[in-house]
Amino acid sequence: MINIATRINPAIAPAVTEVISQLQARHLIGNTLVPSVGGATLDVIDPATGQVIGKAPAATGDDVARAVEAASAAFPGWAATPARQRGKLIAAAASAIAERGEMIATVLALETGKAIRTECRGEVTTAIDITTMYAGLASELKGETLPFDPQILTYTSREPLGVVAAILPWNVPLVLMMLKIAPALVAGNTVVVKASEEAPYATIEMARLMAKLLPDGVLNVICGTGRDCGAALVEHPAVAKVTFTGSQAVGELIYQMAAKKIIPVSLELGGKSPMIVYPDADMTRVIAGAIAGMRFTRQGQSCTAASRIYVHASLIDAFVATLREAVSKLKIGDPLDEATDIGTVISQRQKAKVESYIDLGARTAGAKVDRCGELPGATHLKDGLFLQPTIITGVPEDSPLMREEIFGPVVCVQPWDDEDDVIARANDSDFGLAATVWTNDLRSALRTVQRLDAGYVQVNQNLTIQPNLSYGGFRKSGLGKEASLEAMLEHFTKKKTVVIDMR
């Protein structure tokens with residue numbers, strides 16, 4: 001077995017080793033690290049080496065009940081805490097996380113296979129920024145006065161919901177956790193997080209740093225499978241709200257379970273995001289935007305990945321050649337190596353799924369499959385879950401490659417020559433999460449933005465989630481928005497109308 005300490009910064013190696021040791025098979029409940037009631041565990045795999053780096057606790061209904069009970073007990077006191085005081089505590093928690101940011105980023109790289117330089121440090125920074133933003137919005141938890149009658153005082157107030165269940169995926173767990181728990185906590189709710197069993201450690205450690213500054217039970221994290229842990233959490237009678245990021249199929253199940261209890265849900269699900277390139281676009285910016293938008297440095301494991309690129313027919317040959325050349329220069333390697341641009345996918349199952357789509361492309365008549373870059377040759381990475389970024393051209397619009405979320409480093413590039421037609425093709429999807437438009441003509445940009453049926457549309461850039469930019473999709477991409485004041489008010493509070501007759 002490769003010694004983890006030899007692969008990371010010696011200055012933080014002891015801290016990383018200590019944290020992983022402390023978190024072995026432990027949930028965070030009531031500000032205490034505790035094992036599962038039944039003692040069951042799940043292996044946590046380093047995707048770069050294939051080695052088991054530790055154990056995650058495998059929660060069942062008993063563990064869910066403990067966590068929800070802790071959150072329920074903490075709720076009255078936390079809800080009664082003045083909102084600005086809650087905001088100050090969350091701001092202090094963000095500072096505590098920042099002090100340990102490099103250690104958390106290293107743990108994240110180790111358990112997810114994402115490159116520390118291009119992905120993990122940025123994720124930690126964004127998570128901190130989101131937390132800080134919401135901490136500063138505590139004073140905005142206010143209602144309205146209503147001009148109903150001069151003799152009657154009428155106003156609304158915002159009140160917390162209760163216990164919030166936040167269910168996380170493995171691809172960007174820290175950012176997605178903060179998009180959920182920061183507004184929920186600032187609004188006065190208590191939270192039970194279900195961490196991904198495939199990447200639990202950075203999530204639990206970040207939450208533990210926060211929980212140290214909060215009353216016991218306000219923030220709890222459990223870990224386990226969706227079947228044994230996630231379902232029990234959604235169905236628990238004391239859970240008042242569910243916020244979930246993950247697959248469409250699981251989101252549909254959660255929606256059905258929550259409907260039986262008649263509780264609110266917010267769902268951030270899949271995507272198949274189009275990128276439309278006009279003939280006047282700046283090719284240098286477009287290529288950089290395609291690489292960033294496809295999230296190649298994250299192995300394409302992103303719901304907003306620009307996995308359908310429509311390039312004007314006059315540019316498509318040059319675009320594909322230039323994109324292939326640029327992507328081939330990205331280094332695929334050990335996620336903990338500072339020289340690495342691209343790490344691994346998360347699991348053997350995910351790798352097999354992505355490869356099945358690439359094989360489909362290779363078997364499609366008229367299609368061309370370009371695998372870009374070189375796989376790592378280091379001995380200690382021989383069992384790693386590495387994939388080459390892949391560009392596919394010549395597939396029909398009804399191909400699964402064009403319609404299904406691959407969640408891997410596979411992009412399909414298609415030509416277009418009619419604006420109405422390309423917008424129709426871009427909108428012809430079950431999903432509606434994100435889209436981008438690339439043109440130097442303002443009229444073309446505004447025309448296309450107005451007609452694209454997606455919740456997060458950008459022009460001449462392809463940014464990931466940003467604090468204070470409302471984020472969320474249409475259709476089967478989910479329900480609700482995140483990353484904004486609107487998200488906190490609409491999804492983590494309930495509005496009460498008060499009418500006082502003063503006559």
Side-chain angles (χ1 to χ4, degrees), residues 27-32 67-98 124 126-142 158-168 173-195 203-222 233 238-245 263-266 467-468 480-494:
H27 306 290
L28 177 67
I29 299 176
N31 208 8
T32 302
V68 175
E69 286 166 8
S72 297
F75 174 67
W78 183 243
T81 302
R84 291 188 65 189
Q85 179 60 23
R86 294 196 300 259
K88 289 177 181 178
L89 290 172
I90 299 303
S95 297
I97 292 167
V124 172
T126 302
I128 293 168
D129 287 348
I130 290 167
T131 309
T132 302
M133 178 195 78
Y134 277 114
L137 291 176
S139 295
E140 297 304 311
L141 290 157
K142 54 195 178 187
R158 292 280 182 177
E159 298 179 359
L161 300 169
V163 177
V164 171
I167 302 177
L168 308 180
L174 306 184
V175 164
L176 295 172
M177 177 170 70
M178 290 312 183
L179 285 175
K180 300 175 189 311
I181 73 169
L185 293 172
V186 170
N189 303 282
T190 55
V191 179
V192 177
V193 174
K194 183 203 153 331
T203 300
I204 298 174
E205 180 59 17
M206 184 174 275
R208 183 167 68 147
L209 292 172
M210 294 184 71
K212 288 178 180 179
L213 299 171
L214 304 175
D216 291 352
V218 167
L219 176 59
N220 311 272
V221 184
I222 55 178
L233 182 59
V239 167
K241 156 82 182 184
V242 179
T243 173
F244 168 80
T245 297
I263 62 170
V265 298
S266 47
N468 209 31
K481 296 290 186 177
E482 294 184 309
S484 63
L485 173 62
E486 163 199 3
M488 179 169 68
L489 295 178
E490 296 301 321
H491 301 308
F492 297 106
T493 70
K494 54 191 176 185

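Here, residue 1 is the first one in the sequence, and each next residue gets the next number.
A distance-only check finds a donor-acceptor pair linking the side chain of R86 to the backbone of T81 [under 3.5 Å]. Counting only distance, with no hydrogens or angles, the side chain of N189 and the backbone of V163 share no donor-acceptor pair below 3.5 Å.
Screening D129, L174, V175 for a side-chain contact (heavy atoms from CB on, under 4.5 Å) with V124, the sole residue that qualifies is L174. Results of the side-chain contact (heavy atoms from CB on, under 4.5 Å) test with V239 over V164, L161, L233 single out L233 as the only residue that passes.
Rounding to the nearest 0.5 Å places CD1 of I181 at 11.5 Å from CG of L176. Here the NZ-OG1 distance, from K194 to T203, works out to 10.0 Å after rounding to the nearest 0.5 Å. The CG atom of L141 sits 6.0 Å away from the CG atom of L489 when rounded to the nearest 0.5 Å. Annotation: the span from E482 atom CD to I130 atom CD1 amounts to 9.0 Å, rounded to 0.5 Å.
By the side-chain hydrogen bond (donor to acceptor under 3.5 Å, both in side chains) test, K494 is found to be paired with no residue, residues two or more places apart in sequence or in another chain being considered. A search for side-chain hydrogen bond (donor to acceptor under 3.5 Å, both in side chains) contacts involving T243 returns K180, S266, not counting sequence neighbours. In this structure, A73 has no side-chain contact (heavy atoms from CB on, under 4.5 Å) partners at least two apart in sequence or on a different chain. Evaluation of the side-chain contact (heavy atoms from CB on, under 4.5 Å) rule for A135 yields I90, A91 as partners, not counting sequence neighbours. Remark: E486 engages S470, K481, S484, E490 in a side-chain contact (heavy atoms from CB on, under 4.5 Å) (not counting sequence neighbours). Qualifying side-chain contact (heavy atoms from CB on, under 4.5 Å) partners for A79, counting only residues two or more places apart in sequence or in other chains: F75, P160. For K241, the salt bridge (Lys or Arg N to Asp or Glu O under 4.0 Å) test picks out no residue, with sequence neighbours left out.
For residues 181-191, there are no salt bridge (charged side-chain N to carboxylate O under 4.0 Å, His left out) pairs, not counting sequence neighbours. For residues 130-140, every residue pair satisfying the side-chain hydrogen bond (donor to acceptor under 3.5 Å, both in side chains) rule, not counting sequence neighbours, is listed here: E140-K142. Residue pairs meeting the salt bridge (charged side-chain N to carboxylate O under 4.0 Å, His left out) criterion with at least one member in residues 74-83: none, sequence neighbours excluded.
Contact detail for A71 and T190: the closest heavy-atom pair is O-OG1, 2.9 Å. Scanning both residues, A187 and F492, for their nearest heavy atoms gives CB-O, 3.6 Å. Across every non-hydrogen atom of A70 and I29, the tightest pair is CB-CG2, 4.0 Å. Nearest heavy-atom pair, A138 versus G87, reported as atom, atom and distance to 0.1 Å: CB-CA, 3.9 Å.
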Output a table of donor-acceptor pairs, distance under 3.5 Å, between side-chain atoms of residues 205-222 and any protein atom two or more places apart or on a different chain; print 'none' if there are none.
from, atom 1, to, atom 2, distance (Å)
E205, OE1, R208, NE, 3.0
E205, OE1, R208, NH2, 2.7
R208, NH1, Q22, OE1, 3.3
R208, NH2, Q22, OE1, 2.7
D216, OD1, N31, ND2, 3.4
N220, OD1, G30, N, 2.8
N220, ND2, V191, O, 3.2
N220, ND2, G217, O, 2.8

